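Accompanying notes for the structure given below.
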Amino acid sequence: MDVSHLLNQLNDKQRQAVSGPLSHMLVLAGAGSGKTRVLIHRIAWLVQVEQASPFSILAVTFTNKAAGEMRGRAESLLNMPAAGLWLGTFHGISHRLLRTHWKEAGLPQNFQILDSQDQQRLVKRVIKTLELDEAQWPAKQATWFINSQKEEGKRPQHIADNGDPFTRQMVRIYSAYEQSCQQQGVIDFAELLLRTLETLKKDANLLAHYHQRFQHILVDEFQDTNGIQYALLRLLAGKKAFVFAVGDDDQSIYGWRGAKIEHIQQFSQHFTNAEVVRLEQNYRSTGNILEAANTLIANNEGRLGKELWTDAGNGEKINRYIAFDERDEARFVVSRVQQWVEQGGSRSECAILYRSNAQSRTFEEQLIARAMPYRVYGGLRFFERAEIKDALAYMRLISHRDDNASFERAVNQPTRGIGERTMDSVRDIAKALNCSLWQAAQKCIDQNSLSARAHSALKGFMLLVESIAQKVEGMPLDEKVAAMLDATQLKEAYNKEGAEKSQTRKENLDELATAAKTFEYDSDNADYEGMSPLDAFLSHAVLESGESQADAWEDAVQLMTLHTAKGLEFPLVFLVGLEEGLFPHQMSIDEPGRLEEERRLCYVGMTRAREKLIISHAESRRLYGRSDNYCLPSRFLDELPKELLEDIRPPRQTFNTQYDAYRQAPVAKKSIADSSQPFNIGQSVSHAKFGEGVVLNMEGSGDHARVEVNFESEGSKWLVIAYANLQAV
DNA sequence: ATATAGAATCTTTTT
DNA sequence: GATTCTATAT
């Protein structure tokens, strides 16, 4: 068979990985070295050259987005639908296994999945039930404890407290939480993996079946696997399957979530005779950017060692801008984006990357002020919005009356007079009888043990759920959603919230019906085989929290955290807020391990840039509303080679004498000097309404020429010269 | 039972 | 600064 189409677009190393023999393989792939490409080509190679059946291949990624992208690219390379190929996240694959083998796993057939919000709420409930002081035992900490234990594969009985009262209490909470989950038939994200692992371990027949099936296992982003994922991988691989892992230890940025770089280092021990291939040729960034990134990451210890190179030439130097404060930083960044666009670039080619979400606001303000479209990634996802969760709670109750989290959520939304008091007595009964809230509520009604008012309200609620369940039977998914919204009057409940907010809520609820329709329409999705459409949709809502329904495409500036940016690339990248305490973050500064992770984060950020990288930091910054935070430049700046950096200083004078000396260095004033502008930087002017001020900056020419003026009373503003009628003072 | 005002708390994010 | 939880008043 002619295999040239699989190999001829690859370099030597890539080819070596793709066409390697049937054995274990570890591909250490640097940023921008074509790692996804190699993974996809390997799948095609296995199918077309090694004659492997797609049924015998399992490919694991870390996000649903990556999984979808990979399936698409694999199918186009194979030139056929990759039916039978298992491709998904660890969680998605575990979910599929548990749905098929719910009996063996000891779960109810229609078990529901808790998202992290639901999980924390349940932990909180449990702490209350155990009559512990919530201030002393925060739900957040307990949830973290439970998840990290599960990620180590540990059940309460496996944890030795060694007489430590803290651990003992945590184990108590873990244990009670577990009981509560089992009783309600719900499982959290970590449980999805742990339960799968345990089920396969104890059922030899089941394991043998999957050993038989999966001959080839491919793992993307291998550096991000946590303990339980790695254990699952080893178990599934058994002695016979070949594991093909792709990863980059320098891009491991999820240690705080339990990911362990050690897994890369252990790979060759656990998977014997593994071949190791390094991909070091970078096809993304210019030489200068790579050299700077290499120099930075060299400060980390215990690396596997890798040096990126390119034959694309040096490119421009990395620019650095020292801003006065965060507003100045944003102003600078946005003006450079504007410049980029004026020179023929598009906005979507520009990315503003920051350490923490809170930093986005200043940039947004500045972008709005200049009427420049932008898109912020991250934040609340579609299926995490309150109104969507309310609606889904009803849908879950229809399918699964014993789901306490949904009961709690739906019972008084919209408000129908069932408050804490009533719920407390229902909870007491549930606790006493060890049953679900729904069953307990049923008992309350039967025994007539509530006040007349609460009695009728609770009965009304239960009848409502029953009647919706009845009415909705046999309907297509989207009509079910619509009927539920109609019966519950959820939309009307948001009316009193204020026009704008309630409007978006209603739109979101409409969008939910649309999402249901699209989901049912294209649910040839093998992951949800054998489930009712409603249950499939509900699982989908939890497992894929909805980043896929991106906004209508618009040419917009991209704003996101460094974590979100992993795997992406942009021609122009701004790396902002490089200050000690912010990046590296204060909470990571004292621990060497965490500091190295911050450095990797910086490395990830820098290597997103294709053509131009601009780094900025501010001398003072408003943080948490407190104003006078004077910031030192980040240590990462000192770790970059001086000769690759070029300082950009603002062509302007400031009032701030403290920094005047710093800024007196000669600057290129070309943007002002080349046009016959009526004003000069630093000149005093007066405006009819805003009073007197000083010109800080200018841009544009002719009718569009604008000046930035710092007014004594109003602060700084951008004005169009043609309209502002400024007078020189 | 609910509305509203003060207090507390702030990384990073997928599943 | 902005959100989210807690205590208090209605």
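Everything numeric here is computed off the predicted structure, so don't read it as measured data. Below, read A as the first sequence line, B as the second, and so on, with proteins coming before strands; counting in each chain starts at 1.
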Using the ring of each side chain (for Trp, its six-membered ring), is A:W86 parallel, tilted or perpendicular to A:Y210, with breaks at 30° and 60°?
-> tilted
Figure out the NZ/P separation between A:K140 and B:dT13, and round it to whole Å.
-> 13 Å
Test of ring centre spacing under 6.0 Å for A:F407 and A:F461 | yes
Decide, yes or no, whether a salt bridge links A:R99 with A:E529 under the criterion of side-chain N to carboxylate O below 4.0 Å.
-> no
Under 4.0 Å between a Lys/Arg side-chain N and an Asp/Glu carboxylate O for A:R361 and A:E365?
-> yes
Pick out the pairs of N or O atoms, protein on one side and nucleotides 2-6 of chain B on the other, that lie under 3.5 Å.
from  : atom 1 : to     : atom 2 : distance (Å)
B:dT2 : OP1    : A:G417 : N      : 3.4
B:dT2 : OP2    : A:N412 : ND2    : 2.8

Spacing between A:R381 atom CZ and B:dT13 atom P, to the nearest angstrom = 8 Å
For A:S116, report the nucleic acid contact type (base, sugar-phosphate, nothing); a contact means any heavy atom under 4.0 Å.
-> base
Run the ring pair (Phe, Tyr, Trp, His ring centres under 6.0 Å) check on A:F222 and A:F62 step by step: do they pass?
-> CA-CA 9 Å; A:F222 185 61; A:F62 270 77; 9.0 Å; no
Can you tell me how far C1' of B:dT15 sits from CD of A:Q229, to the nearest Å?
-> 9 Å
B:dT12 phosphate, OP1 or OP2: any side-chain N/O from A:T564 under 4.0 angstrom?
-> no
Salt-bridge test for A:R599 and A:E639: reply yes if a basic N is under 4.0 Å from a carboxylate O, no otherwise.
-> yes
Decide yes or no, distance alone: a donor-acceptor N/O pair under 3.5 angstrom between the base of B:dT12 and the side-chain of A:R355.
-> yes
Once you round to the nearest 0.5 Å, how far does CG of A:D403 lie from CD of A:E408?
-> 10.5 Å
Starting at CG of A:L392, measure out to CG of A:L512 and round the result to the nearest 0.5 Å.
-> 5.5 Å
When rounded to the nearest Å, what value does the distance between C1' atoms of B:dT11 and C:dT6 take?
-> 25 Å
Taken to the nearest whole Å, CD/A:Q141 to P/B:dT9 is 13 Å
Let me know the distance between NZ of A:K150 and P of B:dT15, rounded to the nearest Å.
-> 19 Å
Heavy-atom protein contacts under 4.0 Å, nucleotides 1-10 of chain C, coded B base, S sugar-phosphate only, - none = BS---S----
Do we see A:H563 stacking on the base of B:dT12, given a limit of 5.5 Å between centres and 30° between planes?
-> no
Looking at A:L601 and A:F583, what are the two nearest heavy atoms and their distance?
-> C-CZ, 4.1 Å
Of A:N64 and A:R421, whose nearest nucleotide on DNA chain B comes first from the 5' end?
-> A:R421
Strand-adjacent residues in residues 588-608 of chain A, judged by heavy atoms under 4.0 Å from DNA chain B = A:S588, A:R594, A:E598
Atom CG of A:D220 and atom P of B:dT15: how far apart are they, to the nearest Å?
-> 13 Å
For the pair made of CD in A:E544 and P in B:dT15, what is the distance, rounded to whole Å?
-> 7 Å
Run the ring-centre check on A:F519 versus A:Y528 and record whether the distance is less than 6.0 Å.
-> yes
Give a yes/no answer on whether the side chain of A:N357 brings an N or O atom under 4.0 Å of OP1 or OP2 in B:dT13.
-> yes
Where along residues 250-259 of chain A does a heavy atom fall under 4.0 Å from DNA chain B?
-> A:Y254, A:W256, A:R257
Within residues 88-99 of chain A, find the residues that approach DNA chain B with a heavy atom at under 4.0 Å, and present them sorted by residue number.
-> A:T89, A:H91
In terms of heavy-atom contacts, does CZ of A:R303 have more than 12 from other residues, nucleotides or ligands at under 6.0 Å?
-> yes
Kindly check if the number of other-residue, nucleotide or ligand heavy atoms within 6.0 Å of CZ (A:R453) is above 12?
-> no
Classified by glycosidic angle (syn within 90° of 0, else anti), B:dT12 comes out anti
A:Q223 CD to B:dT13 C1', in whole Å, measures 15 Å
Closest non-hydrogen atom pair, A:A142 against A:V123 = CB-CG1, 3.8 Å
Contacts of type side chain to side chain contact (heavy atoms under 4.5 Å, CB included), residue A:W256, not counting sequence neighbours | A:Y254, A:H563, A:E597
To the side chain of A:S356, which of B:dT13, B:dT15, B:dT11 is closest?
-> B:dT11
